[in-house]
Amino acid sequence: MKIAIGIIGLMLGLLVLLQSCTVGTASHMIGNEAGGDAGALGILAGLLLFVGGAFAFGLPIVSTVTFTLAGLIAFAGSAEFPDLQIWGFVSLGMAAMAFFAWRSGRKKVAAAGSPSNP
């Protein structure tokens, strides 16, 4: 599950980065300052999604925190850039999946270290 979360997080991070760069550049070209700010928040959310995907392979609890931060930042910019609301929900879903991957990994380690298992 950690591998799937990592790959999805990396790909979504790149997608959000690309989309937010486009929105930020287009908003700057037409002089829409609020749209440019929302694009900047989208870029930050995309970077956090990418970093969360990278941490999902080895440290899923760090990935959980990073995905949660990405979701909160995405919701902050969703007034001017409505697609960020979708990415916010996706980020929170990824955070939940990373949390369950971390928890199942801990259970496996605890079960392997218990004296009842040889």
Kindly give the heavy-atom pair with the smallest separation between [X] and [Y], and that separation in Å.
X: G77; Y: A38; value: O-CB, 3.7 Å
X: T66; Y: G52; value: CG2-N, 3.7 Å
X: L41; Y: A76; value: CD1-C, 4.1 Å
X: S63; Y: A98; value: OG-CB, 3.9 Å
X: M97; Y: M1; value: O-CE, 3.5 Å
X: K2; Y: A101; value: CG-CB, 3.8 Å

Original post:
With side chains defined as the heavy atoms from C-beta onward, is the minimum distance between L10 and F50 less than 4.5 Å?
Top reply: yes
Shared hydrophobic cluster for [X] and [Y] (ILVMFWY, side-chain gaps under 4.5 Å):
X: L14; Y: F57; answer: yes
X: L15; Y: V90; answer: yes
X: L72; Y: L48; answer: no
X: L69; Y: L92; answer: no

To the nearest 0.5 Å, how far apart are [atom1] in [X] and [atom2] in [Y]?
X: S27; Y: N32; atom1: OG; atom2: CG; value: 5.0 Å
X: I61; Y: T64; atom1: CD1; atom2: OG1; value: 4.5 Å
X: E33; Y: E80; atom1: CD; atom2: CD; value: 10.5 Å
X: I30; Y: T25; atom1: CD1; atom2: OG1; value: 11.5 Å
X: S78; Y: I73; atom1: OG; atom2: CD1; value: 12.5 Å
X: L12; Y: Q19; atom1: CG; atom2: CD; value: 11.0 Å

Original post:
Is there a side-chain contact (heavy atoms from CB on, under 4.5 Å) between L49 and F67 once you walk through the steps?
Top reply: CA-CA 6 Å; L49 270 167; F67 283 139; 3.6 Å; yes
**OP:** Under 4.5 Å between side-chain heavy atoms, chaining through other members, with only Ile, Leu, Val, Met, Phe, Trp and Tyr counted: pull out the rest of the cluster around I43, sorted by chain and number.
**Re:** L17, L47
**OP:** For residues 76-100, pull every pair meeting ring pair (Phe, Tyr, Trp, His ring centres under 6.0 Å), keeping only residues two or more places apart or in separate chains.
**Re:** F75-F89, F99-W102
Original post:
Can you list the residues that meet the side-chain hydrogen bond (donor to acceptor under 3.5 Å, both in side chains) rule with D37, with sequence neighbours excluded?
Top reply: none
